[in-house]
Each structure stands twice: as C-alpha cells, then as structure tokens.
Amino acid sequence: MALALLEDWCRIMSLDAQKSLLVMGIPVDCDEAEIQEVLQETLKPLGRYRLLGKIFRRKDNASAVLLELMEDVDSSVIPTEIQGKGGIWKVIFKTPNQDAEFLERLYLFLEKEGQTVSGMFQALGHEGVPTVAAPCISPELLAQLVGQAMVHACQPLLSRRYRKPRVFSGSAVPAPEEEPFEIWLEQVTEIVKEWPVPEAEKKRWLMESLCGPALDLMRVLQADNPSISVGECLEAFKQVLGSLESRRTSQVKFLKTYQEEGEKVSAYVLRLEALLLRAVEKHAIPRNIADQVRLEQVMAGASLSEILWCRLRELRDQGPPPSFLELMKVIREEEEEEATFENENQEEPDEWASHGHGY
C-alpha cells in the first residue's frame, strides 16, 4: 500500500509521517529539476518543503519522491493528484485522525455483524491482543495491530484461480499485446509464490500464458525433467531469456552512482539502495554480498565527514557488514550530531553580539 510505503520511508528517515508527502507515478526519465518545477508550481499553498529522496517502484514502472513539509499545513488543502510530466502524479499523505477514522468504520462494521474487536483478532488467528485489553489500546496501536493481523492471517479465501497474465512469447520482437519480460516475470513470480495450489496446477496456469519460443522452452524443460518446479522453470527463463545487457547495465549504474552536491548522505544511500536491489534481482550482484557491496560503495561514492568515515571503516573491518537499516541508523545519527553542532555554532555569534551591546 502507498500509505505503508510513506510510513516506512518516514520511519527510516526519522520523519513525522503527518508532515510528509509521497508523490508517486513520476516517469523514470523525469529528472529532479523537472520534478521540482512541477512541485513548486502545484504545492505553493503548502509553503516550504524539502525533497528528501527518490526511489524507483518496479511495480508501477515509475518513480516516487518523499517530501518533508516545513510548515504546519491543513490536510484539506493538500492535493491528491498533480498534473505532471507523463500524466497524473498521485500525492499520498496521512491525516492527523486517519487511524481513528479507520477504527470508527471498523467498530461500526463489527457492531453490524454482531462481532467484537477481540473476536476479530481470534478469527484472524492473532493472539497478540488479550480480550480485556483491546478496548483500552490507543487508536494508533490498534490500527497497527489490525494491519499486522491481516497480513499474517491464514489465507483460505484466496481464489482458486488467478487472473491469467498477459501472453509472453520470448520473441526478439514482442507483439504489441505482450508484457516485457521483466514485468511478466515479476507478476508470475509473485503469484506462484503466494498461490496455495499444487505445483502441477501452477505449471498448467503458467503454460496458458506462453507461446512461441517461451512455450517451446517450457516444453523442453518439462521433457528434460518432468518433476521440475515452477520456481526452477522461472530461473531457467531468467538464464535463457533475460537480458544480459540489462544485467551489466544495472551493475554499472550502481557502481557509478555518487552522492550529488547538496545531497545528504542518508538520501544518497536511500537512492543507492533502489539501484542495489535492482542489480541483485538481475543477478548482477550476488545477494549474499549485498551488504558488503553497499558499504563499500557508500565509502567510495559519498562525501563523508572524518568521524563518519571512521565509523564506517570500523564497521567494515571489525565484523559482518551492516544491513541497510543498520547502516542508515549510523548515518542518520551522525547527521543529527553534525546538525546540532552547526546550530550551536550559529547561535554563539549572536550571543556574543548581544553581550557586546552591554558595554
């Protein structure tokens, strides 16, 4: 969900989600100057803001940016859509009473059905909320628990059939109605991973979406190994039909990405992470060394203070490399320390000046 992405991104950046905006649906070829031009014109009523980072969302085949609002804003004046390059950009934000509104609707639904909040948690198989405690929990915490319970609930209600994916041939020149290989592969991989049916049913379903060279490859794989799993088939599709050039391109793009002038180290790492994930997905960078590669690229591609450089070198030399979140935590801590130090230095001249007027 878009709101979940906003909340997770704000949590990583130590931001207040209610003072932040997520703008989605931005074309990949739209650079930061073009984005700023559209936002400055559309978001004038919101006052000052900062653009903190940009990520690529494979699911949408588009970019998203995170904005921090520098002034208090009435949520009613925030637009839900922006007319930008390539069409409509969606604006995602969290209203102050959004959790309370959700729970109010939930309570009305449960009352209509003759159920209780505790009964709902039991039905979802979630034991984390005692029956007597549910009415006493804050709206924010309860809303979070409801979301967690629904995510981890058993899924017996999943339909026996998924919508058939668009056709895929694997031809050098795809037909207009075909999905590009990367998009087709992502859709199919996600479905077969979560679909609770036997492997044979998954293979029959997969065959329905294939034609041409892709169907021939599937038949060869099954003839060679009748018990081959769908996961193994998809791995073979990656090896045979995947673009080696795009794999190399994703690796080079990651290794040639450096911190931009005026960009915070944390924002650079966030931007770098999207490129690393893409390179790992394309097998351009082995997953088991992703943490090490990330740390080395940050140390090579970012303009680091002496203190932060020493901390990262210590992490590199003394143990397993940090994960993305662990690395981001260290960087954010150091950025906050630097910001505090700069603010104190800016205040001191004013204090001396005020003392000087007393003589």
Side-chain angles (χ1 to χ4, degrees), residues 27-29 55-63 151 154-257 273-294 324:
V28 178
D29 61 351
I55 59 172
F56 172 74
R57 282 173 54 84
R58 176 181 289 275
K59 181 179 179 181
D60 303 331
N61 194 30
S63 297
V151 167
C154 298
Q155 301 181 13
L157 300 181
L158 285 174
S159 62
R160 292 287 296 177
R161 296 288 291 179
Y162 276 88
R163 178 177 60 84
K164 181 180 175 181
R166 293 180 68 179
V167 66
F168 174 69
S169 71
S171 301
V173 181
E177 67 272 13
E178 284 189 50
E179 292 279 18
F181 175 69
E182 298 292 342
I183 295 177
W184 175 85
L185 182 65
E186 183 179 10
Q187 291 175 344
V188 171
T189 302
E190 189 67 24
I191 289 175
V192 298
K193 183 168 58 177
E194 297 183 358
W195 197 9
V197 297
E199 281 288 311
E201 175 68 15
K202 292 180 182 180
K203 277 192 275 190
R204 278 195 297 271
W205 172 84
L206 180 61
M207 293 279 284
E208 291 177 4
S209 72
L210 302 176
C211 65
L215 182 57
D216 293 339
L217 174 59
M218 185 70 179
R219 287 171 176 159
V220 169
L221 293 172
Q222 288 188 299
D224 185 58
N225 180 9
S227 62
I228 189 171
S229 69
V230 174
E232 290 170 330
C233 290
L234 295 179
E235 282 298 320
F237 271 66
K238 288 181 189 177
Q239 295 297 322
V240 177
L241 301 174
S243 170
L244 295 177
E245 182 179 352
S246 65
R247 191 179 308 166
R248 175 62 178 160
T249 300
S250 67
Q251 183 186 62
V252 171
K253 187 174 290 188
F254 171 78
L255 296 173
K256 295 293 185 180
T257 297
E273 186 65 11
L275 298 175
L276 176 59
L277 291 175
R278 195 181 309 176
V280 169
E281 288 173 2
K282 292 181 179 295
H283 301 283
I285 294 176
R287 188 178 300 276
N288 62 342
I289 64 168
D291 290 342
Q292 176 186 341
V293 171
R294 180 194 301 111
F324 168 69

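Sequential numbering from 1 along the given sequence is applied to the chain's residues. Values reported hereafter were calculated over all heavy atoms of this structure, with side chains retained and with hydrogens, waters and symmetry mates removed.
- Taking NZ from Lys193 and CD1 from Ile191, the interatomic distance works out to 11.5 Å, rounded to the nearest 0.5 Å.
- Residues that satisfy the side chain to side chain contact (heavy atoms under 4.5 Å, CB included) test with Val192, not counting sequence neighbours, are Val188, Lys202, Trp205, Val230, Leu234.
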Quiz prompt | Stepwise side chain to side chain contact (heavy atoms under 4.5 Å, CB included) check, Phe56 with Asn61 | solution = CA-CA 7 Å; Phe56 172 74; Asn61 194 30; 3.7 Å; yes

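- Note: Trp184 and Phe168 have parallel aromatic rings, judged against thresholds of 30 and 60 degrees for the angle between ring planes.
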Exercise. Would you please test Phe237 and Leu210 for side chain to side chain contact (heavy atoms under 4.5 Å, CB included) and show each step?
Key: CA-CA 12 Å; Phe237 271 66; Leu210 302 176; 3.9 Å; yes

Identify each donor-acceptor pair in which a side-chain atom of residues 214-228 lies under 3.5 Å from a protein atom, sequence neighbours left out, and give them as a table.
from	atom 1	to	atom 2	distance (Å)
Asn225	OD1	Ser227	N	3.3
Asn225	OD1	Ser227	OG	2.9

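- Considering CD of Glu199 and CD of Glu232, their distance stands at 8.5 Å, rounded to 0.5 Å.
- Pairing each heavy atom of Ser250 with each of Ala279, the nearest pair is OG-CA, 3.6 Å.
- Ser63 approaches Pro27 most closely through the heavy-atom pair OG-O, 4.3 Å.
- By the side chain to side chain contact (heavy atoms under 4.5 Å, CB included) test, Leu276 is found to be paired with Phe254, Glu273, Val280, Ile285, Ala290, Arg294, residues two or more places apart in sequence or in another chain being considered.
- For Ser209 (side chain) and Leu206 (main-chain N/O), a donor-acceptor pair under 3.5 Å exists by modelled atom type.
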